[in-house]
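Note that the numbering runs from 1 along the sequence shown for the chain. Since the model is a prediction, treat every value here as computed from it, not as a measurement.
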Amino acid sequence: DRHFKGSATGSCPYETVYDPGYYWEKYQNDYYNENPMPVIHNFTYYPQMEAGTCVNGTDFPDWMNSDTAFRQRYIFKNDLEGCCKEWFSAYGVNNCVNKVIQ
């Protein structure tokens, strides 16, 4: 009371406020440290011309995601065969699928 005179709660006003904690604590409630964290897969494919195959990942060049038409042409969600058919059908779709870069 000596630092917060006249306070309705009689003590530090922030002691009664709920603190939701840190953003990573939601995992602490579900998993112990010995258990592995869940793996979240993101199956996004884009063509890599130099390698002659498609790449699984979201580290594609910015220009591929800069326009709706470019996104539709270059970025394939959950469709590795579609990426290979679109860009590397001359080399064989199976060859592209087998050489995918993870």
Side-chain angles (χ1 to χ4, degrees):
D1 287 342
R2 71 182 176 133
H3 296 294
F4 299 99
K5 293 183 182 186
S7 174
T9 60
S11 61
C12 178
Y14 295 108
E15 288 180 356
T16 59
V17 176
Y18 171 71
D19 181 11
Y22 298 104
Y23 66 91
W24 62 79
E25 286 183 343
K26 66 180 182 175
Y27 296 116
Q28 292 176 353
N29 296 332
D30 299 330
Y31 298 101
Y32 293 103
N33 287 338
E34 303 87 41
N35 295 344
M37 295 301 288
V39 176
I40 300 172
H41 295 284
N42 182 358
F43 297 108
T44 302
Y45 300 96
Y46 63 95
Q48 177 69 287
M49 301 306 174
E50 296 82 11
T53 188
C54 294
V55 177
N56 178 10
T58 57
D59 55 343
F60 43 80
D62 291 336
W63 62 266
M64 286 186 182
N65 198 26
S66 64
D67 186 292
T68 302
F70 285 163
R71 273 193 296 277
Q72 292 173 344
R73 179 114 171 105
Y74 291 101
I75 299 174
F76 296 82
K77 299 278 188 178
N78 299 316
D79 192 11
L80 173 59
E81 288 188 14
C83 180
C84 289
K85 285 179 186 175
E86 179 71 27
W87 291 100
F88 304 106
S89 59
Y91 304 109
V93 174
N94 288 336
N95 188 32
C96 171
V97 169
N98 293 334
K99 289 177 28 181
V100 66
I101 299 172
Q102 296 292 336

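For a disulfide, the SG atoms of both cysteines must be under 2.5 angstrom apart; this fails for C84 and C54.
Closest non-hydrogen pair, Y46 versus P61, comes out as CE1-CD, 4.3 Å.
A search for side-chain contact (heavy atoms from CB on, under 4.5 Å) contacts involving Q102 returns N56, V100, not counting sequence neighbours.
When each of K99, Q48, M49 is tested with F88 by the rule side-chain contact (heavy atoms from CB on, under 4.5 Å), just one qualifies, namely M49.
Taken from SG in C96 to CD1 in I101, the straight-line distance is 9.5 Å, to the nearest 0.5 Å.
Sorted by first then second residue, the salt bridge (Lys or Arg N to Asp or Glu O under 4.0 Å) pairs that include residues 50-71, not counting sequence neighbours, number zero.
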Please list, one pair per line, the donor and acceptor atoms closer than 3.5 Å that link side chains of residues 72-83 to other protein atoms, with sequence neighbours excluded.
unit_1, atom_1, unit_2, atom_2, d
R73, NH1, E86, OE2, 2.4
D79, OD1, G82, N, 2.9

